[in-house]
Visitor: 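Pasting a structure below so you can have a look.
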Amino acid sequence: MKESISPKERIRKKREFSLIYKKGNRYRGKYFIIIYLPNGGSQSRLAVVAGKKIGNAVKRNKAKRWIKALYRRNKNLLEDSTDLIFIAKENIFKAPWKNLQKDYAKAIEHINQKQSM
RNA sequence: UGGAGUGGGCGAGGUGGUUGCUCCUUCUAAAAAAGAAGGGGAGGAAAGUCCGAACUCCACAGGACAGGAUGGUCGCUAACAGCGACUCCGGGUGACCGGAGGAAAGUGCCACAGAAAAGAUACCGCCCUUCGGGGUAAGGGUGAAAAGGUGAGGCAAGAGCUCACCGCGCUGGUGGUGACACCAGCGGCACGGUAAACCCCAUCCGGAGCAAGGCCAAAUCGGCCCUGAGGAGAUGGUCCGUCUCAUGGGGCGGGUAGACCGCUUAACCCAUUGAGCAAUCAAUGGGUCAGAUAAAUAACCACCACCCGCAUGAAACAGCGGGGACAGAAUUCGGCUUAUGACCCACUCCAGUCC
RNA sequence: UGGGAAGUCGUCCAAUGGUAGGACACAUGACUCUGGAUCAUGGAAUCGGGGUUCGAAUCCCUGCUUCCCAG
């Protein structure tokens with residue numbers, strides 16, 4: 001299993017963001033919020049939002065990197081191809097790596113169940 | 001040994017493994033996509049956006065006004081509110097640090113207190129007196145600030161009225177590119193403070209900003225041009241013809257999404273030599289060092305080094321637990337300012353002790 | 001990324017460089033059988049740090065926060 005994220009696997013256009021915000025479902029995790037929408041394509045896609053509330057530029061980048069790493073490491077968990085927007089919360093910097101992984105696994109499980117129904 | 005001053009260096013600690021991101025080159029190959037190999041990949045402040053430029057577009061005969069910025073002198077620089085050296089003033093025992101045009105061009109302001117806050121009709125006072133008035137500014141108290149200061153002479157009482165020293169101003173000389181310094185003489189000296197109040201003087205300044213600007217260009221709507229058989233209407237007594245409207249086909253230019261250029265080789269960096277007190281400049285040789293766009297440097301693990309705490313101990317090693325700042329390029333440079341853990345280096349000052 | 005504006009009691013606004021004021025809100029008391037309204041009294045602030053000045057909310061530097069504009 002490859003663990004890369006190529007440009008095709010990212011959400012980049014403002015129009016696409018608006019669509020997902022409008023029609024997608026939300027899951028509130030402990031350290032982040034996920035907005036997800038099945039896209040019917042061949043690949044899942046990803047975007048991370050880290051707002052100004054979280055901190056300065058260094059902190060925002062760090063949050064993005066962590067969430068991207070989570071996604072890469074656990075690509076195979078997701079069953080259907082889905083567009084995902086992650087919104088990082090402030091407490092993400094206090095979390096140990098293992099808790100983040102648990103929280104992520106729980107979130108993906110939740111999404112899989114919802115979509116198979 | 002302790003305390004302090006100035007300037008500078010380094011700053012995701014190092015090595016390895018697994019998995020990843022971005023750009024360039026070569027190859028798979030003829031192009032795109034994809035893959036493989038090799039190489040490059042954050043900072044001293046990248047930050048705040050406080051100044052100054054480069055670059056691009058717009059405006060522009062020339063001159064004047066308005067508005068803004070700067071402000072000791074000389075130098076450096078592409079430019080600057082920057083930097084260097086020097087001058088004067090103020091602070092500090094000292095190393096050192098901070099400040100800087102003009103108040104005699106004019107206007108304004110100086111609360112309260114005080115007689116008076118500025119070219120003094122002087123409140124109390126002192127002295128003289130023909131009792132009408134006159135001469136004074138030593139002393140008093142107020143205030144942030146009170147009309148040169150101290151001492152002596154002098155006088156009715158006093159006063160730069162006179163003298164000495166200090167301060168201030170003017171003139172001349174000498175030294176210095178200059179700010180200014182030193183020396184001599186003269187004036188006796190009514191002429192505060194505030195220009196980060198208006199202002200005056202000198203110097204500089206057109207506006208907007210890479211979301212600048214350029215180039216290519218879907219879909220849709222509308223515009224213009226060409227054109228086909230037929231349709232409707234107008235002209236006409238009717239047909240042909242001509243004109244208008246709707247429609248089919250083709251083309252054109254503007255322009256949106258989007259793509260590309262701008263986009264990284266530059267007032268660049270390093271070394272040596274020379275000029276200069278220095279900032280800096282010159283010559284020679286070498287180097288290429290991020291270019292992303294929902295936005296790249298990371299995640300996890302192991303070991304080693306450093307620091308802190310715990311416990312043992314005379315001390316150290318081993319052990320356990322924890323820690324490593326401020327902070328992320330976005331057109332590019334030169335500065336300023338602010339944030340910053342640990343460590344290191346150079347020079348200097350003060351105090352104590354010893355030799 | 002670039003360009004601009006503003007910070008005064010809890011809130012909304014005032015204030016020539018000279019004692020920071022008003023309204024609403026809050027607290028206490030009076031009035032009332034009680035509450036409201038009314039009356040009286042009181043507390044509470046110049047975004048932080050420097051500088052100029054005898055004296056700064058105001059003038060000058062420098063940071064911080066908030067808001068607006070440009071696709």
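Keep in mind that what you see is a predicted model, and the values were worked out from it rather than measured. Note on naming: letters A, B, ... go to the chains in the order of the sequence lines (proteins, then strands), and numbering restarts at 1 for each one.
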Visitor: State the pairing partner of G255(B); accept Watson-Crick or G-U wobble contacts with both distances under 3.5 Å, and report none otherwise.
Guide: none
Visitor: Given atom NZ of Lys64(A) and atom C1' of U297(B), what is their separation to the nearest angstrom?
Guide: 15 Å
Visitor: What's the shortest heavy-atom distance between Val48(A) and Lys68(A), and which atoms?
Guide: CG2-CG, 4.3 Å
Visitor: Taking syn as a glycosidic torsion within 90° of 0 and anything else as anti, which one is A42(B)?
Guide: syn
Visitor: Distance from Arg72(A) atom CZ to Leu46(A) atom CG, nearest 0.5 Å?
Guide: 11.0 Å
Visitor: Can you tell me how far C1' in G102(B) sits from the matching atom in U203(B), rounded to whole Å?
Guide: 16 Å
Visitor: Is the shortest side-chain heavy-atom distance between His110(A) and Lys106(A) below 4.5 Å?
Guide: no
Visitor: Any idea which heavy atoms bring Ile67(A) and Ala88(A) closest together, and the distance?
Guide: CD1-CB, 4.1 Å
Visitor: Can you tell me the base-pairing partner of G16(B)? Count Watson-Crick or G-U wobble geometry only, both distances below 3.5 Å, and say none if there is no partner.
Guide: C301(B)
Visitor: Return whichever of Val48(A) or Ala69(A) has its heavy-atom-nearest nucleotide of RNA chain B closer to the 5' end.
Guide: Val48(A)
Visitor: Using nucleotides 63-66 of chain C, report all nitrogen or oxygen pairs with the protein that are shorter than 3.5 Å.
Guide:
none

Visitor: Is it the case that the side chain of Thr82(A) and the backbone of Ser44(A) share a donor-acceptor pair, with hydrogens and angles ignored and the cut-off at 3.5 Å?
Guide: no
Visitor: Using the C1' atom as the point on both nucleotides, what is the distance between C76(B) and G334(B), in whole Å?
Guide: 14 Å
Visitor: Tabulated below should be each protein N or O lying under 3.5 Å from an N or O of nucleotides 327-330 of chain B; please produce it.
Guide:
residue : atom : partner  : partner atom : Å
G328(B) : OP2  : Ala57(A) : N            : 3.3

Visitor: Who is the Watson-Crick or G-U wobble partner of A100(B), with both distances under 3.5 Å?
Guide: U87(B)
Visitor: To the nearest angstrom, how far is Arg72(A) atom CZ from U22(B) atom C1'?
Guide: 14 Å
Visitor: Nearest whole angstrom, please: distance from the P of C300(B) to the OH of Tyr104(A).
Guide: 16 Å
Visitor: In whole angstrom, what separates Gln101(A)'s CD from U19(B)'s C1'?
Guide: 13 Å
Visitor: Could you report the tightest heavy-atom contact between Ile20(A) and Ile35(A), atom names first, then the distance?
Guide: O-CG2, 3.7 Å
Visitor: What's the base orientation of G44(B): syn (chi within 90° of 0) or anti?
Guide: syn
Visitor: Between C310(B) and C304(B), how far apart are the two P atoms, rounded to whole Å?
Guide: 24 Å
Visitor: To the nearest 0.5 Å, how far apart are NZ in Lys89(A) and CZ in Arg28(A)?
Guide: 5.0 Å
Visitor: Starting at atom CD1 of Ile67(A), determine the distance to atom C1' of G20(B), rounded to an integer number of angstrom.
Guide: 16 Å
Visitor: Using Watson-Crick or G-U wobble geometry with both distances under 3.5 Å, which nucleotide pairs with G63(B)?
Guide: none
Visitor: Using the P atom as the reference point in each nucleotide, state the distance between A290(B) and A42(B) in Å, no decimals.
Guide: 8 Å
Visitor: Does any nucleotide pair with C221(B) by Watson-Crick or G-U wobble geometry, both distances under 3.5 Å, and what is it?
Guide: none
Visitor: Apply the syn/anti split at 90° from 0 to U264(B) and say which one it is.
Guide: syn
Visitor: Considering only atom C1', compute the distance from U6(B) to G94(B) and round it to an integer number of Å.
Guide: 14 Å
Visitor: Given the C1' atoms of U265(B) and G258(B), what is the spacing between them in whole Å?
Guide: 32 Å
Visitor: Just to be sure I understand the rule, does Lys68(A) reach a base, reach only the sugar-phosphate, or reach nothing, if contact means heavy atoms closer than 4.0 Å?
Guide: sugar-phosphate
Visitor: Any donor-acceptor pair under 3.5 Å linking the side chain of Lys59(A) with the backbone of Ala50(A)?
Guide: no
Visitor: Can you tell me how far C1' in G72(B) sits from the matching atom in A283(B), rounded to whole Å?
Guide: 37 Å
Visitor: First locate atom CG of Leu100(A), then atom OH of Tyr31(A), and finally report the distance between them rounded to the nearest 0.5 Å.
Guide: 6.5 Å
Visitor: Is the glycosidic angle of C289(B) within 90° of 0, making it syn, or outside that range, making it anti?
Guide: syn
Visitor: Within 90° of 0 counts as syn, otherwise anti: where does G132(B) fall?
Guide: syn
Visitor: Using atom P in both nucleotides, what's the gap between U136(B) and A157(B) to the nearest angstrom?
Guide: 15 Å
Visitor: Could you check if a side-chain atom of Tyr27(A) sits within less than 4.5 angstrom of a side-chain atom of Lys114(A), using non-hydrogen atoms only?
Guide: no
Visitor: Listed by chain and number, what are the ring-ring contact (aromatic ring centres under 6.0 Å, His included) partners of Phe32(A), not counting sequence neighbours?
Guide: Phe86(A)
Visitor: Would you mind pulling out the nucleotide paired to A6(C), Watson-Crick or G-U wobble, both distances under 3.5 Å?
Guide: U65(C)
Visitor: According to the Watson-Crick and G-U wobble definitions, with both distances under 3.5 Å, which nucleotide is paired to C186(B)?
Guide: G169(B)
Visitor: Tell me the partner of C57(B), counting only Watson-Crick (N1-N3 plus N6-O4 or O6-N4) or G-U wobble (N1-O2 and O6-N3) with both under 3.5 Å; none if nothing fits.
Guide: G207(B)
Visitor: To the nearest 0.5 Å, how far apart are CZ in Arg26(A) and CD1 in Ile87(A)?
Guide: 6.0 Å
